[in-house]
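Naming: A, B, ... by sequence-line order, numbering from 1 per chain. Computed from a prediction, not measured in an experiment: that's the story for all the values here.
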There are 2 protein chains.
Amino acid sequence: MSRDEVRRRPSNSRASVRRVPGPCARWDDENASFIREILDLVGDKWSVLVIGTLADGAVRYSDLAYAIPGVSQRMLTLTLKQLKRDGLVERTAYPEVPPRVEYQLTPLGTSLLSTVLALADWSATNHAEIRRNRMAYDAG
Amino acid sequence: MSRDEVRRRPSNSRASVRRVPGPCARWDDENASFIREILDLVGDKWSVLVIGTLADGAVRYSDLAYAIPGVSQRMLTLTLKQLKRDGLVERTAYPEVPPRVEYQLTPLGTSLLSTVLALADWSATNHAEIRRNRMAYDAG
DNA sequence: CTGCATCCTTCGGGATACTG
DNA sequence: CAGTATCCCGAAGGATGCAG
């Protein structure tokens with residue numbers, strides 16, 4: 001998707017009614033909620049960590065809780081439930097005793113993983129510069 | 001950065017002291033806060049919208065407020081301040097009356113833009129499937 | 001026009017206790 | 001083991017008013 005597709009003037013813009021429109025187009029509600037959709041997926045720390053943890057294959061609930069320091073049962077459960085709802089992870093319950101449940105990425109989830117890793121690449125490349133920028137800003 | 005660099009067992013792991021470690025490694029605190037750093041940048045709706053709006057070039061404050069529906073003055077100001085602190089946008093104030101202030105992406109901000117657009121690409125490609133998944137989940 | 005300060009509400013999410 | 005249910009607090013963020 002190009003930027004011009006994402007950012008589009010609302011059809012039959014009434015901008016001039018309210019004010020002189022500036023040099024730039026306006027995000028319409030559809031695209032704003034589109035952004036919201038993305039952030040619901042990857043704008044959340046726990047989701048990212050869960051997806052990253054599942055990169056190697058199926059992992060069971062208690063191992064996820066172990067692998068992700070600081071996550072509460074509540075948030076782990078909620079995160080997994082949402083990821084399953086979105087079709088990013090698959091849940092498999094084995095009818096054993098004690099019960100065993102494994103989670104793994106779906107192909108969709110795997111494709112998201114690679115995209116998120118691209119973001120991690122960017123961050124890894126630039127976080128030193130960002131830290132410098134912050135220190136310079138805070139010093140000035 | 002590869003996943004194995006991001007996700008690394010803490011040095012001299014004491015995992016076996018507490019419990020039998022699962023099949024997967026554990027995120028250490030450094031990498032968890034690394035994730036947090038990314039999300040502070042792109043996990044926020046307003047930041048993403050501001051960066052997207054600045055894609056074409058310099059935009060002044062009031063035009064940003066117009067271009068981004070629903071943003072409050074408070075959040076726009078805070079978002080711009082943080083983006084400036086991180087060195088993603090540049091602020092230029094013209095000593096005129098009435099005052100005029102323009103914001104534009106730095107090269108660093110532009111590089112982040114392309115990465116975020118990759119995420120938008122993924123979302124555009126897959127959001128239909130995600131919606132189907134959700135509907136199927138909610139129906140079942 | 002471009003903000004900053006304050007109040008106030010909402011709610012994400014941690015802690016804890018309980019269940020199949 | 002793998003969750004669910006409840007309480008509760010701090011932070012995010014909108015609304016409003018003021019200032020340079």
For the atom pair OG1 (A/Thr53) and CG (A/Asp63), what is the distance rounded to the nearest 0.5 Å?
10.5 Å

Name the nucleic acid region contacted by B/Glu96, choosing base, sugar-phosphate or nothing; use a 4.0 angstrom heavy-atom cut-off, strictly under.
nothing

Could you check if a side-chain atom of B/Leu54 sits within less than 4.5 angstrom of a side-chain atom of B/Leu64, using non-hydrogen atoms only?
yes

Hey, does A/Lys81 reach any base, or is it just sugar-phosphate, or nothing, if we go heavy atoms under 4.0 Å?
sugar-phosphate

Please say which of A/Gln82, A/Lys84, A/Gln104 ends up in a side chain to side chain contact (heavy atoms under 4.5 Å, CB included) with A/Val89.
A/Lys84

Between B/Pro99 and A/Leu80, which is nearer to the 5' end of DNA chain D once each is assigned its nearest nucleotide?
A/Leu80

Atom pair distance, as rounded to whole Å: OH in B/Tyr61 and P in C/dG3:
6 Å

Determine the contact category for B/Tyr103: base if any of its heavy atoms lies under 4.0 Å from a base atom, sugar-phosphate if only primed atoms, P, OP1 or OP2 are that close, otherwise nothing.
sugar-phosphate

Can you label the angle between the B/Phe34 ring and the A/His127 ring as parallel, tilted or perpendicular, going by 30° and 60°?
perpendicular

In whole Å, what is the span from the NZ atom of A/Lys45 to the P atom of D/dA11?
15 Å

Between atom CZ in B/Arg100 and atom C1' in C/dG3, what is the gap in whole Å?
17 Å

Pairwise side-chain contact, B/Lys81 with A/Tyr137, heavy-atom cut-off 4.5 Å (strictly under)
yes

For B/Lys84 and C/dT2, what is the distance between atoms NZ and C1' respectively, to the nearest whole Å?
15 Å

Rounded to whole angstrom units, what separation is found between the OH atom of B/Tyr66 and the P atom of C/dC1?
14 Å

Quickly work out the A/Gln73 CD to C/dA17 P distance and round it to whole Å.
13 Å

Taking only the side-chain heavy atoms of A/Thr77 (C-beta and beyond), determine which of D/dC1, D/dT4, C/dG3 contains the nearest atom.
D/dT4

Is there a side-chain contact between A/Gln73 and A/Tyr61 in this structure, where contact means two heavy atoms from C-beta onward sitting under 4.5 Å apart?
yes

Mind listing the N/O atom pairs, protein and nucleotides 11-13 of chain C, below 3.5 Å?
{"unit_1": "C/dG13", "atom_1": "N7", "unit_2": "A/Arg74", "atom_2": "NE", "d": "3.4"}
{"unit_1": "C/dG13", "atom_1": "N7", "unit_2": "A/Arg74", "atom_2": "NH2", "d": "2.7"}

Nearest 0.5 Å please: distance from the CG atom of B/Leu105 over to the OG1 atom of B/Thr110.
4.5 Å

Measuring from the side chain of A/Val101 (C-beta onward, heavy atoms only), which nucleotide among C/dG3, D/dA2, D/dC1 has the closest atom?
D/dA2

Between CD1 of B/Ile68 and P of D/dG14 the distance, given in whole Å, is 12 Å

